Asker: 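Questions regarding the structure given below will be posed in turn.
Every chain is numbered from 1, with letters handed out A, B, ... down the list of sequences. These values consider heavy atoms only, across backbone and side chains, with no hydrogens, waters or symmetry-generated copies. Keep in mind that this is a model prediction, so the values were computed, not measured.
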Number of protein chains: 2
Amino acid sequence: MEEQMFTIKQAAEQTGISEDTIRFYEKIMLLPRAERKKNGHRVYRKEDIYRIKLISCLKKTGMPLEAMRPFLAASADTASTEYPELVDQLKSHRENIMNQVSSLQQIVDFIDIRLAEGRPQKEYSDQIQDEVLEEHKEKEIIKPISVVELSYFSAYTKMDK
Amino acid sequence: MEEQMFTIKQAAEQTGISEDTIRFYEKIMLLPRAERKKNGHRVYRKEDIYRIKLISCLKKTGMPLEAMRPFLAASADTASTEYPELVDQLKSHRENIMNQVSSLQQIVDFIDIRLAEGRPQKEYSDQIQDEVLEEHKEKEIIKPISVVELSYFSAYTKMDK
DNA sequence: ATACAACTTGGAGCCGACTCCAAGTCAAAC
DNA sequence: GTTTGACTTGGAGTCGGCTCCAAGTTGTAT
């Protein structure tokens, strides 16, 4: 079986990242310079698609493009989790993400409280809400949740154009 | 007990949102025009602080400012979850957030795989990773996680300045 | 009275992340 | 052979979200 190759258009389709954006990522060297066919057209293969998907996923977590660089390094086929520095970065990212999940959970709490109220019943709900947005340092937790698919941002970003 | 009032500086301290940004939010009417003292200085009270905290929390979930408006409406003391339209928006936001959590979980999965490898063992890990970024529509799940505090973005945004 | 701090305003500027454009190349289809 | 379509390039423009600035006001401390 020969390795299959993709055009930038196919890469865009598969990853949900626009052609322009893929070129942009190459321009800022978030992606390595793609191989070119004789006519200069970019060629992508499986692992390039994977890398773009990874960027897309990181993007959805709100990570700035610049912050992705070390992260993507850990993904490169070459030198992997051999470097303790990378491992530390990964761990720190993991923590950040867990904290972000907490923020999200606070919003879900907020929504659930709102939804649970047939009526506000002001005094009562105000109290609870105040607590919802207070710092919850004491509580530890955060057990793994399951995996579904992306889309929070896309719900907004796919609107334009 | 008289209601306590806060200056913009205190509001900023309590919410972690800069004075400039609070003024900016008022300018774009994400916050109602704050009351002024005789000298024109802004005055904030408990519920204003709460609203700013809510914005801050929504911001951490990556929600664009414009998307917050209907959300904040649901938070206003007046008309609450009486309007079915608002309820729908809340529910839809809740879904978005759950999806975002899924994205985050994918990244955590990715990190955990990386961390778990003493060595990459290429063939093997490539396989797993491909799966991690594929669509996981089948799996349902998502049980509530606990509440801690924010900070993913802050980890980056607090760097500047 | 004068200096300082804490605010006010409108507007300009900045940065990240695209997004679009014009001009050009190339290959296949008619 | 010329038109069509999928690409290439560099660079300009856009948009969201701040962030900074200058000029002005007020209140307190010396």
Side-chain angles (χ1 to χ4, degrees), chain A residues 5-44 48 52 54-69 71-72 152-161, chain B residues 5-44 48 52 54-69 71-72 152-161:
Chain A
M5 313 283 227
F6 306 98
T7 66
I8 193 167
K9 185 172 197 175
Q10 293 171 319
E13 274 160 12
Q14 282 186 57
T15 61
I17 299 295
S18 78
E19 302 176 38
D20 254 335
T21 303
I22 292 175
R23 285 189 208 101
F24 171 72
Y25 287 164
E26 182 178 316
K27 190 159 20 179
I28 64 170
M29 297 197 308
L30 203 61
L31 291 173
R33 178 172 168 83
E35 259 180 83
R36 309 294 153 118
K37 286 195 272 196
K38 290 209 177 125
N39 60 13
H41 290 196
R42 289 169 176 81
V43 191
Y44 297 91
D48 301 314
I52 299 171
L54 178 56
I55 291 174
S56 163
C57 198
L58 290 170
K59 202 163 69 104
K60 281 177 195 129
T61 72
M63 189 184 290
L65 301 185
E66 284 313 307
M68 291 180 191
R69 295 183 191 283
F71 211 94
L72 290 166
Y152 187 78
F153 289 84
S154 22
Y156 298 105
T157 53
K158 276 179 185 162
M159 274 187 192
D160 26 312
K161 164 167 237 186
Chain B
M5 312 284 227
F6 306 98
T7 67
I8 193 167
K9 185 174 199 172
Q10 292 171 318
E13 275 160 11
Q14 283 185 57
T15 61
I17 299 294
S18 79
E19 300 176 38
D20 255 334
T21 303
I22 292 175
R23 285 189 208 101
F24 171 73
Y25 287 164
E26 183 178 316
K27 192 160 17 179
I28 64 171
M29 298 197 306
L30 202 61
L31 291 173
R33 178 174 168 82
E35 259 179 84
R36 310 292 153 121
K37 286 194 273 198
K38 290 204 177 130
N39 60 13
H41 289 196
R42 289 169 176 80
V43 191
Y44 297 91
D48 301 313
I52 298 170
L54 178 56
I55 291 174
S56 163
C57 201
L58 290 170
K59 202 164 69 105
K60 282 179 195 127
T61 73
M63 188 183 292
L65 301 184
E66 284 313 307
M68 292 181 191
R69 294 184 193 283
F71 210 94
L72 290 166
Y152 188 77
F153 290 83
S154 21
Y156 300 103
T157 53
K158 275 179 185 162
M159 274 187 191
D160 28 310
K161 165 166 235 184

Asker: Working to the nearest 0.5 angstrom, can you tell me the gap between B/Phe71 CZ and B/Met63 CE?
Answerer: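 So the gap between those two atoms works out to 5.0 Å.
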Asker: Any salt bridge between A/Arg23 and A/Glu19, counting N to O under 4.0 Å?
Answerer: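 Yes, charged N to carboxylate O under 4.0 Å.
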Asker: Can you check the B/Ile8 CD1 to C/dT9 C1' distance for me, whole Å?
Answerer: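 Those two atoms, CD1 and C1', are 12 Å apart.
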Asker: Output the rounded distance in Å from CE (A/Met68) to C1' (C/dG16).
Answerer: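 Atom CE in A/Met68 sits about 12 Å away from atom C1' in C/dG16.
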Asker: Of the residues in residues 21-29 of chain B, which ones touch DNA chain D at a heavy-atom distance under 4.0 Å?
Answerer: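 Only B/Thr21, B/Phe24, B/Tyr25 qualify.
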Asker: Send over the distance from A/Lys9 NZ to D/dG5 P, rounded to a whole Å.
Answerer: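 Whole-Å distance recorded here is 11 Å.
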Asker: Rounding to a whole Å, what distance do you find between B/Lys37:NZ and C/dC7:C1'?
Answerer: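 About 9 Å, once rounded to whole Å.
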Asker: Does B/Arg42 have a side-chain nitrogen or oxygen under 4.0 Å from the phosphate oxygens OP1 or OP2 of C/dC7?
Answerer: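 Answer is no, no contact under 4.0 Å.
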Asker: Would you mind reading off the distance between B/Leu31 atom CG and D/dG17 atom C1', rounded to a whole angstrom?
Answerer: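 In whole Å, D/dG17 C1' and B/Leu31 CG are 14 Å from each other.
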Asker: Can you build the contact string for nucleotides 21-30 of chain C? Use B for base contact, S for sugar-phosphate-only contact, and - for no protein heavy atom under 4.0 Å.
Answerer: -----S----
Asker: What residues form a side-chain contact (heavy atoms from CB on, under 4.5 Å) with B/Glu66, not counting sequence neighbours?
Answerer: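 Partners of B/Glu66 by the side-chain contact (heavy atoms from CB on, under 4.5 Å) criterion, ordered by chain and then number, come out as B/Arg69.
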Asker: Rounding to an integer number of Å, can you tell me how far B/Glu19 CD sits from D/dC20 C1'?
Answerer: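 Roughly 13 Å, once rounded to whole Å.
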Asker: C/dG16 C1' sits how many Å from A/Arg69 CZ, rounded?
Answerer: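 About 12 Å, once rounded to whole Å.
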Asker: Report yes or no: does B/Thr21 contribute a side-chain atom to a donor-acceptor pair with the main-chain N or O of B/Phe24 at less than 3.5 Å?
Answerer: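 Here the side-chain-to-backbone pair does not exist.
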Asker: By salt bridge (Lys or Arg N to Asp or Glu O under 4.0 Å), which residues pair with A/Arg36, not counting sequence neighbours?
Answerer: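 Once residues adjacent in sequence are excluded, the partners of A/Arg36 under the salt bridge (Lys or Arg N to Asp or Glu O under 4.0 Å) criterion are A/Glu26.
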Asker: Run the side chain to side chain contact (heavy atoms under 4.5 Å, CB included) check on A/Leu65 and A/Tyr25 step by step: do they pass?
Answerer: CA-CA 9 Å; A/Leu65 301 185; A/Tyr25 287 164; 3.7 Å; yes
Asker: Please state whether the phosphate of C/dC18, meaning OP1 or OP2, lies under 4.0 angstrom from any side-chain nitrogen or oxygen of A/Ser18.
Answerer: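 Checking A/Ser18 against C/dC18: no side-chain N or O falls below 4.0 Å of OP1 or OP2.
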Asker: Could you work out which one of C/dC7, C/dT9, D/dT9 sits closest to the side chain of A/Arg33?
Answerer: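 In terms of side-chain proximity for A/Arg33, the closest of C/dC7, C/dT9, D/dT9 is D/dT9.
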Asker: In residues 27-35 of chain A, what donor-acceptor pairs under 3.5 Å come from side-chain atoms, sequence neighbours left out?
Answerer:
unit_1, atom_1, unit_2, atom_2, d
A/Glu35, OE2, A/Arg45, NH1, 2.6
A/Glu35, OE2, A/Arg45, NH2, 3.3

Asker: Quick one: CD1 on B/Ile17 to NZ on B/Lys59, what's the gap to the nearest 0.5 Å?
Answerer: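 So the CD1 of B/Ile17 and the NZ of B/Lys59 are separated by 4.5 Å.
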Asker: Say you draw a straight line from CG of B/Leu72 to CG of B/Leu58; how long is it, rounded to the nearest 0.5 Å?
Answerer: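 Going from CG on B/Leu72 over to CG on B/Leu58, the span is 6.5 Å.
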Asker: Identify the pairs formed between an N or O of the protein and an N or O of nucleotides 14-16 of chain D at a distance under 3.5 Å, and give each distance.
Answerer:
none

Asker: How long is the straight-line distance from CD of B/Gln14 back to CG of B/Asp48, given to the nearest 0.5 Å?
Answerer: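 These two atoms lie 11.0 Å from each other.
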Asker: Measuring from atom NZ of A/Lys9 to atom CD1 of A/Ile22, what distance do you get when rounded to the nearest 0.5 angstrom?
Answerer: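 The distance works out to 12.5 Å.
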Asker: Rounded to the nearest Å, what distance is computed from the CD atom of residue A/Gln10 to the P atom of nucleotide D/dA6?
Answerer: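 Roughly 12 Å, once rounded to whole Å.
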